[in-house]
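Remarks on the structure that follows.
Per chain, numbering begins at 1; letters A, B, ... match sequence-line order.
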Amino acid sequence: MRARAPLQPQDKKINPFFHALSKYRRHQYDDCLALCGSLLRQNSRDQAAFVLKCRAITAKHWLDDLEVEVEGLADALMEDNVAATAPRPGTSLQRPLSSAQQAGTGPSQAVRPVSATGRPVTGFTRPATSARPTSSQQRDLITTAMAMSARPGTAASGRPVTSAGRLVRLGTASMASLGTDGGGETIQVDGIDFHKYAKRPEIAKALCDYLIYFLRQPRKALDLAAEATREASFADWWWKERLGKCYFQLGLLREAEKQFRSSIGNDSRVVTNLELARVYLKLDQPNAALEVYQKASEKFPGDISVTVSMARLYEDLNDSQKSIGLYKRVVARDPVNAEALACLAAHHFYSDQPEVALRFCRRLLLMGVSSTELWNNLGLACFYAAQYDLAITCLDRALMLADDGVSAEVWYNIGQVGIGVGDLGLSYQSFKLALSIDPNHAESHTNLGVLELRKGNIEQAQLAFSHASRLAPHLYEPAYNSALVAFKLGDFQDAFNKANMALQAYPGHHESKELLKQLKLQFMAF
Amino acid sequence: MASGGKMPDVILPKEGLLYSEKSSLSEVLCKPKWLPIKSVTLAKIELMEKQLAATMQQHQQAEQASTHGGNGHR
């Protein structure tokens, strides 16, 4: 953000370094960088200006790297860090507990739809939310993996295939943005003698963060951190934590674990504990990660980030009961935690309490979150809480804010509202519009098929169902509908196959089982 | 509530007809879709990538303009 007013003459009296520092504290990083740049031009050996410039660039491009755990396509297919290839249920993120195993504690698939990874849809996306496929069958399908790499709102094409590739790309993005907005030239690190800097921990720490968070060169940062931790006679937790971070980014997970453990031994910090748990998550050992979280929450009882991480992990393990309990604890401590609010809203919406979901959404709105997703959710919550007039307005606003990535979803939900009020013309048009924006929107295909069936267009309906189940094998609805139509038409073999497909997607689906029972009776009669 | 510690007896009707009706199978619709809200980090990454794409496009356009200017390949 630029300064509101241009520099006044009296400002010239201020010490320029103090001025830069004050800009830094007020998060006006561009101004701070400009001031530091002019200081460095006057005296290129000004260490204070150098450190401040490093800090400002880092802060401007800082990303919470506890959140940026992105698994690319290549990472998912060529994963060799995972310890067990056939883990027992509940001990791996690839085989989370299914709702059947939990005796009805999790949300049923008939009420809460699942995402392409086979987990119930969540209320909040982080860059890593859709990371791992849940079944080996899905892992084998490259097409599924391709579809999974497409997150809502981002273009699937041109996405880097590995997490390291993503880091490089982020580095390029931040370099490019610094080049264009007049922030001044970057710091040349190629000629820097790390050995010399390692003796000055204040400067070295700023430089290390600059390497990690802005240039995204973990290998260089590793060199610096290794020198510095030696200088600090292996007693500084900060350097060990940064070493672990670099190892993690380079994919050397066991080394990273060692460094984090050693850092915790020196001085246990929340962030180090969270990073240690992240190593275990990457190794697909959720129970080890849970143990780390447990210990951390005993040591730091009031800390929210530990509780949120634990709630996320339980959600990934499909243990929604525990995750909701933890999210409630988070909201009790921090009433403006967006992640907890969003997850609770989704939970209440799909457990038939749209009024409560509406209240959570309203709180999010009051906090200043204004996005297509939130307006869409508000619209749905209003509609199912019987506030019909508000629902249309909210969905309208969601459409106004939507880009091509999500507007198909909004139109799909408008179609749902149309079905709810009995305006089948509206819903037919909405589903068609959703498909014109995103031809691969499987849910719209399915619902359009049901509407076609009501009109009596059986062939078109069958086409829509088969298309939908090819696009989204994780949905049970198109397969089941297709089976039912085939059954009614007398094509029993097809119906049998399709009903089995539906049961594969949703093993507890009662109607599909019923249909199979009837089919078996028919087969016995022949 | 249960201060006496003794649970009351459960009364269940022993006689009478039990009605249950099997619903006929019908098509199911997909459920309304709650859209997950994006985290700040995700929004920031997307913004950075969008900015990068825009700058790359500008560079490409500038390059194309310069090559069409007559100098050919550098």
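For the pair L25(B) and Y480(A), the minimum side-chain heavy-atom distance is below 4.5 Å. Counting heavy atoms from C-beta outward, R112(A) and K31(B) have side chains that stay 4.5 Å or more apart. By the 4.5 Å heavy-atom criterion applied to side chains, V28(B) and E511(A) are not counted as neighbours. At a threshold of 4.5 Å between non-hydrogen side-chain atoms, the residues C30(B) and Y476(A) do not count as touching.
Under the rule for a side chain to side chain contact (heavy atoms under 4.5 Å, CB included), the partners of H445(A) that lie at least two apart in sequence or sit in another chain are L435(A), H467(A), A468(A), L471(A). Listed by chain and number, the residues in a side chain to side chain donor-acceptor pair (under 3.5 Å) with K33(B) are E409(A), E443(A) (sequence neighbours excluded).
Your options are A345(A), G449(A), A338(A), and the one with the most heavy-atom pairs under 4.5 Å with chain B is A345(A).
Distance check: L35(B) CG to T372(A) OG1 gives 8.5 Å after rounding to the nearest 0.5 Å. Separation of atoms CH2 (W34(B)) and NE2 (H347(A)) is listed at 12.0 Å; rounding is to 0.5 Å. Taken from CD in E46(B) to CG in D403(A), the straight-line distance is 8.5 Å, to the nearest 0.5 Å. For the atom pair CG (L448(A)) and CG (L29(B)), the distance works out to 11.0 Å, reported to the nearest 0.5 Å. The structure places CG of L374(A) at 12.5 Å from NZ of K38(B), a figure rounded to the nearest 0.5 Å.
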Starting from the C-alpha separation in whole Å, work towards a yes-or-no answer on side chain to side chain contact (heavy atoms under 4.5 Å, CB included) for E27(B) and R454(A).
CA-CA 10 Å; E27(B) 292 78 22; R454(A) 286 210 184 166; over 6 Å; no
I37(B) vs N377(A), test: side chain to side chain contact (heavy atoms under 4.5 Å, CB included). Steps then yes/no.
CA-CA 9 Å; I37(B) 289 169; N377(A) 296 350; 4.3 Å; yes
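Closest non-hydrogen pair, L380(A) versus P32(B), comes out as CD2-CB, 4.0 Å.
Counting heavy-atom neighbours within 6.0 Å of K488(A) NZ, excluding the residue itself, gives a total above 12.
Neither the backbone nor the side chain of F383(A) comes within contact range of chain B; no heavy atom of the residue lies under 4.5 Å from a heavy atom of that chain. Proximity to chain B (any heavy atom under 4.5 Å) is restricted, for N376(A), to the side chain, taken from C-beta onward. In this structure, the portions of L515(A) lying under 4.5 Å from any heavy atom of chain B include both its backbone and its side chain. Proximity to chain B (any heavy atom under 4.5 Å) is restricted, for Q416(A), to the side chain, taken from C-beta onward.
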